[in-house]
Amino acid sequence: MKIAIGCDHGGLDHKNAIAEFLKEKGFEVLDHGIYEQKAIDYPIIAKKVALSVKNNEADLGVLVCGTGIGMSLAANKIKGIRAAVCSEHFSAKYTRLHNNSNILCLGGRVIGVGTALELVDLFVNTEFEGGRHQNRINLINEIENNNL
Ligand code: RB5
């Protein structure tokens, strides 16, 4: 399984720890940066990770900025992306089970690295439940396709 990851200057330590963690667990990692502690506008990185997921270069994505919110707003503008900001375990698990989210967004200034790794672990190891939840995803897609 391949995971695309990326961050802005609010999440570099978290992103690097996530890259190491995922590799240790046997995942392939596609690291879109940043690679040094230098300011960057988060939509640039969100777009790269989201397009990797959309184009099936990666199965799932993880984005880290200061709050996780900017990354999620930007990533969710790409068709087919369901990016969820999570800062606790229940949401990280259920956004896979019920929302079939394909990108996890984390706040590097909100949660510690230890929590971030646990949330990533849950996210990448939980499968979408399908069933009644698929119809809800279809309804989201319908909104997306209507270009409102
Ligand atoms: C950057 O200072 C900060 O605004 C960004 O990392 C993120 O928190 C935006 O949502």
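Being a predicted model, the structure only gives us computed values, none of them experimental. Just follow the structure's listing: the first ligand is 1, and inside any ligand the first atom is 1.
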Element-labelled atoms of ligand 1 that are located less than 4.0 Å from some non-hydrogen atom of [X]:
| X | answer |
| --- | --- |
| D8 | 1 (C), 5 (C), 6 (O) |
| C65 | 6 (O), 7 (C), 8 (O), 9 (C), 10 (O) |
| G66 | 5 (C), 6 (O), 7 (C), 8 (O) |
| H9 | 1 (C), 2 (O) |

Considering only the protein, which heavy-atom contact is closest to [atom], and what is its distance?
| atom | result |
| --- | --- |
| atom 9 (C) of ligand 1 | Y42 CE2, 3.5 Å |
| atom 10 (O) of ligand 1 | G70 N, 2.9 Å |
| atom 2 (O) of ligand 1 | R109 NH1, 3.3 Å |

Side chains of [X] and [Y]: does their closest heavy-atom pair fall under 4.5 Å?
| X | Y | value |
| --- | --- | --- |
| N100 | R82 | yes |
| V49 | I5 | no |
| L63 | S72 | no |
| C86 | L104 | yes |

Give the minimum heavy-atom separation between [X] and [Y], together with the two atoms involved.
| X | Y | value |
| --- | --- | --- |
| A75 | I103 | CB-CD1, 4.3 Å |
| M1 | L60 | CE-CD1, 3.9 Å |
| F128 | L97 | CD1-O, 3.2 Å |

Heavy-atom protein contact below 4.0 Å for atom 4 (O) of ligand 1 =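 When distances to the protein are checked, atom 4 (O) of ligand 1 has no heavy atom within 4.0 Å.
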
Between T67 and ligand 1, which residue portion shows a heavy-atom distance shorter than 4.0 Å: side chain, backbone, both, or neither?
->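 Both of them.
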
Could you tell me whether ligand 1 has any atom less than 4.0 Å away from a heavy atom of M71?
-> no

